[in-house]
Novice: 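Supplied in structure tokens, the structure appears directly below.
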Protein chains: 4
Amino acid sequence: MGDTMSEKKILIIDKSVELFAKNGFESTSVQDITKACGISKGAFYLHFESKNSLLISIFQLFLDKFTEKVSSALQMEVSPKDKLELFLRIQFEETDHYSNFILMLLREQTKPDNNDLFLLMKKMDTQLNDNLSTLLVDIYGEDIENHLVDMIIMIKGLMKGYSELIVMCDSNFDHSKLARYLLSRIDSLVAGLTTPFLETNFFNKNNPELDCSKS
Amino acid sequence: MGDTMSEKKILIIDKSVELFAKNGFESTSVQDITKACGISKGAFYLHFESKNSLLISIFQLFLDKFTEKVSSALQMEVSPKDKLELFLRIQFEETDHYSNFILMLLREQTKPDNNDLFLLMKKMDTQLNDNLSTLLVDIYGEDIENHLVDMIIMIKGLMKGYSELIVMCDSNFDHSKLARYLLSRIDSLVAGLTTPFLETNFFNKNNPELDCSKS
Amino acid sequence: MGDTMSEKKILIIDKSVELFAKNGFESTSVQDITKACGISKGAFYLHFESKNSLLISIFQLFLDKFTEKVSSALQMEVSPKDKLELFLRIQFEETDHYSNFILMLLREQTKPDNNDLFLLMKKMDTQLNDNLSTLLVDIYGEDIENHLVDMIIMIKGLMKGYSELIVMCDSNFDHSKLARYLLSRIDSLVAGLTTPFLETNFFNKNNPELDCSKS
Amino acid sequence: MGDTMSEKKILIIDKSVELFAKNGFESTSVQDITKACGISKGAFYLHFESKNSLLISIFQLFLDKFTEKVSSALQMEVSPKDKLELFLRIQFEETDHYSNFILMLLREQTKPDNNDLFLLMKKMDTQLNDNLSTLLVDIYGEDIENHLVDMIIMIKGLMKGYSELIVMCDSNFDHSKLARYLLSRIDSLVAGLTTPFLETNFFNKNNPELDCSKS
DNA sequence: TATGAATGAGCCTTCATTCAT
DNA sequence: CATGAATGAAGGCTCATTCAT
């Protein structure tokens with residue numbers, strides 16, 4: 001997986017992302033994929049161990065790209081608020097790109113074989129939480145700490161609300177504008193905070209193993 | 001379906017909700033269901049026409065209960081704000097109950113046969129939007145109208161954020177307290193509104209047929 | 001079976017003849033039959049050992065009625081030619097009545113269980129052959145004997161040709177007229193006979209066990 | 001279907017013709033077929049879309065061969081009577097080959113899916129009628145026209161009478177001799193014609209759509 | 001590398017038959 | 001006599017995966 005990928009492998013991934021997104025994982029047969037790629041069924045298994053491992057490869061690939069984008073954004077020398085805006089924009093951009101596939105992913109949860117996938121998704125969510133934490137503290141100072149958990153839940157909620165719009169409609173939203181809009185909403189939310197709903201250590205306390213912070 | 005259900009039928013629904021939630025619809029075989037119920041494969045078809053119709057029955061059942069609860073809440077003689085609070089609480093309570101199943105539902109979108117299901121979900125979402133609209137105008141007056149679409153998207157996002165928590169963790173949240181908390185957050189959001197992101201007629205404009213307001 | 005039949009049993013036979021004729025034996029379920037009769041599935045098995053035994057009962061019943069009609073006709077004191085005419089007419093009348101069912105019967109041939117049915121059909125055909133033999137000799141004298149086998153084959157062919165018409169179309173043919181018409185054709189055939197095609201002992205020689213004279 | 005067929009496909013057709021003929025279509029499972037062929041269940045679907053489409057393929061195949069044989073015969077430069085003889089011989093030869101299967105075919109009338117099959121059979125019968133019409137007029141002149149419908153019914157009856165013999169027994173009949181024999185019988189029939197039984201336009205009048213001339 | 005025929009487990013569904021009531 | 005819920009074998013079909021070429 002870490003290897004540079006062959007053209008064929010990339011082709012398979014591209015086409016299958018498309019098909020999975022459109023029809024779902026279970027309803028897309030290996031045959032469908034190979035036909036879309038113009039290759040033989042055998043060729044598929046030359047590149048992937050199984051249909052399931054393809055799914056994991058795709059997600060891994062997505063996660064890698066995403067992580068890289070985000071971390072390079074976070075290293076830029078701009079104000080914390082600009083960083084959060086950038087961060088939000090990246091979320092929307094990536095959602096826009098992988099959207100349907102991501103939606104589909106949410107389905108194939110806990111099957112024994114897909115446990116690897118589950119772990120990957122958990123890892124991704126943890127990253128997201130950590131990044132948001134850091135950004136929020138950078139922006140709003142240490143006073144926000146009592147509200148961190150709530151804020152993260154809410155921000156992810158807001159993002160998901162608009163992400164779904166991006167997925168469901170083909171609306172070509174202006175991601176930059178949307179990011180700025182949400183930044184402003186976040187400001188409002190923070191301004192009105194009084195008593196937190198969730199405890200500060202909520203993420204650590206709940207389901208130490210199967211962490212609750214899964215999105 | 002409206003009939004009083006036989007014990008067996010209820011058993012099948014209960015177990016299948018559980019299994020669908022855990023493994024997904026496609027990955028749960030009728031065999032799995034009947035085994036979990038301790039009945040024969042044939043017995044399943046005594047109660048449901050098909051695996052698919054079971055899915056629809058479940059959703060219909062959920063929708064009926066939910067609709068009833070909501071509409072009786074909306075008819076209570078309390079302040080608009082109290083109504084919204086009640087409304088939110090009901091969402092969380094119901095989510096808590098059907099949780100995983102609902103999550104799973106979001107997946108089986110495109111299958112031809114599940115078109116009925118899709119329509120049901122669309123209907124439910126439209127109801128949700130309408131109810132929220134009315135409540136918001138009641139509370140914040142006509143000035144909110146320009147922001148209705150954004151507010152609905154955001155409120156649904158916030159609710160979903162916390163709903164997922166309810167689903168993922170087994171945390172016994174205080175739904176009342178959560179509703180009050182969110183009410184306060186909604187106040188903050190409204191207080192900070194300036195320029196809307198989405199147009200007022202967004203729901204009507206996008207995919208008139210296959211309305212975008214699907215959640 | 002020899003017993004006088006209960007009303008219920010007759011009801012079942014009537015309805016099932018109809019259904020078998022319309023949809024075929026395999027495609028008609030016991031459920032279909034009991035629903036058409038307005039009785040429970042259990043009641044069916046009170047009257048018939050199995051679906052298969054029902055089939056045999058029906059055929060037996062048909063055969064009994066038919067045999068009786070024919071034999072009473074053959075005992076009438078009329079000219080041999082009139083007897084043949086009567087004989088032909090009965091064939092068409094019965095065909096008209098049981099038509100679709102008879103057609104259907106031709107299908108469920110040799111299945112292990114239906115061996116009884118096969119024997120019944122063989123028996124019926126043998127009777128038919130014997131009757132035709134006697135009548136032909138009565139009419140055309142001993143000279144016809146060399147041609148008996150051919151004549152039987154041909155007469156049955158002619159009858160079947162017109163029987164199919166009766167079955168396929170709903171044409172209300174005048175069975176009497178048709179019988180007279182065929183009588184005339186048979187005359188023509190006999191008039192032109194020269195060298196037989198089949199040997200006199202054809203029916204006895206071929207397949208002693210599984211006699212070839214099956215229709 | 002027009003393609004040259006793979007050996008495997010031919011094997012499946014051969015074995016299934018045999019099994020269908022012996023047990024009927026409904027009572028022959030795909031499993032039965034594949035077992036008889038020594039292949040796996042899945043392999044069947046590599047060659048045929050469905051069990052039903054196999055049936056149609058077989059019939060189509062038979063019809064093609066048959067049509068070709070007949071039409072090449074009809075183009076030969078011989079006397080009309082010789083043509084009819086040839087025509088009859090071909091019927092018997094082909095019957096001899098596909099025999100039981102054809103018999104079985106007559107059964108699966110009403111199934112929705114088998115509508116294609118029904119149309120094919122109707123087409124074949126219409127061809128048969130047309131060919132016989134032409135041949136009869138060529139041989140017996142225009143005087144026969146009033147009797148065409150009856151003659152066709154009767155000739156098909158005679159043919160069926162002997163065809164069944166071919167099917168039921170394994171008798172190795174001399175098809176040539178049989179054809180000549182029947183030619184002579186047809187002569188006798190024509191010689192004795194007086195008043196027709198069926199009207200000239202019978203085929204056109206009855207069930208214009210679902211023509212009655214189905215055999 | 002690449003192919004695609006072949007496999008066989010598994011899926012949804014139907015249905016003849018049984019049996020407790 | 002009558003019921004109908006329950007059974008489970010069997011049917012048509014799909015599909016991930018393998019393997020000889």
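Lettering of chains follows the sequences in order, A, B, ..., and the numbering in each one begins at 1. These figures come from a predicted structure and were not determined experimentally.
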Novice: Using a 6.0 Å distance limit plus a 45 degree cone around the ring axis, check whether A:K51 lies over the aromatic ring of A:F25.
Specialist: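 Here A:K51 passes the 6.0 Å and 45° test against A:F25.
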Novice: Without decimals, in angstroms, what is the distance between A:H47 NE2 and E:dT1 P?
Specialist: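 Result: 7 Å.
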Novice: Which letter, B, S or -, goes with each nucleotide of nucleotides 15-21 of chain F from 5' to 3', with contact meaning a protein heavy atom under 4.0 Å?
Specialist: -SBB---
Novice: Rounded to the nearest 0.5 Å, what's the gap from CD on C:E7 to CD1 on C:I12? Could you check?
Specialist: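 That separation rounds to 12.0 Å.
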Novice: From D:L61 CG over to D:I10 CD1, what is the distance, rounded to the nearest 0.5 angstrom?
Specialist: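 Those atoms lie 8.5 Å apart.
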Novice: How are the rings of B:F62 and B:F59 set relative to one another: parallel (under 30°), tilted (30 to 60°) or perpendicular (over 60°)?
Specialist: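 Ring orientation of B:F62 relative to B:F59: tilted.
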Novice: Is the distance from OP1 or OP2 of E:dT3 to the nearest side-chain N or O of A:S40 less than 4.0 Å?
Specialist: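 Answer yes for this pair, as a side-chain N or O of A:S40 is under 4.0 Å from OP1 or OP2.
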Novice: So C:N52 and C:L55, do their side chains get closer than 4.5 Å, heavy atoms only?
Specialist: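 In contact.
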Novice: Please round to the nearest 0.5 Å and tell me the distance separating atom CG of C:D14 and atom CD of C:E18.
Specialist: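 Going from the CG atom of C:D14 to the CD atom of C:E18 covers 8.0 Å.
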Novice: Which part of the nucleic acid, if any, lies within reach of C:K35 when heavy atoms closer than 4.0 Å are counted: base, sugar-phosphate only, or nothing?
Specialist: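 Nothing, no nucleic acid heavy atom in range.
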Novice: Might you point out which heavy atoms bring D:S53 and D:F48 nearest each other, and give the distance in Å?
Specialist: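 D:S53 and D:F48 have their closest heavy atoms at OG-CB, 3.9 Å.
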Novice: Separation of D:L46 atom CG from F:dT14 atom C1', in whole Å?
Specialist: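 Interatomic distance, CG of D:L46 to C1' of F:dT14: 12 Å.
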Novice: To the nearest Å, how far apart are D:I33 CD1 and F:dC13 C1'?
Specialist: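 My rounded result for the distance is 13 Å.
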Novice: Which sits closer to the 5' end of DNA chain F, B:K8 or C:I39, going by the nucleotide each is nearest to?
Specialist: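 Counting from the 5' end, the first nearest nucleotide belongs to C:I39.
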Novice: Whole-Å distance between F:dA2 C1' and C:E7 CD?
Specialist: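 Checked: the CD to C1' distance equals 16 Å.
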Novice: Once you round it to whole Å, what is the distance between P of F:dA10 and CG of D:N23?
Specialist: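 Computing the D:N23:CG to F:dA10:P distance gives 16 Å.
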Novice: F:dG12 P sits how many Å from D:I12 CD1, rounded?
Specialist: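 Taking atom P of F:dG12 as the reference, CD1 of D:I12 is at 14 Å.
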Novice: Rounded to the nearest Å, what distance is computed from the NZ atom of residue A:K9 to the C1' atom of nucleotide E:dA2?
Specialist: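 It works out to 17 Å between those atoms.
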Novice: Considering all heavy atoms of both residues, which atom of A:L19 and which atom of A:A36 are nearest to each other, and what is their separation?
Specialist: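 Looks like CD1-CB, 4.0 Å.
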Novice: Nearest 0.5 angstrom please: C:C37 SG to C:K8 NZ, how far?
Specialist: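 Answer for the SG-NZ pair, C:C37 versus C:K8, is 9.0 Å.
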Novice: Could you spell out the base pairing of DNA chain E in dot-bracket, with Watson-Crick or G-U pairs whose two distances are under 3.5 Å, [ ] crossing and | to another strand?
Specialist: .||||||||||||||||||||
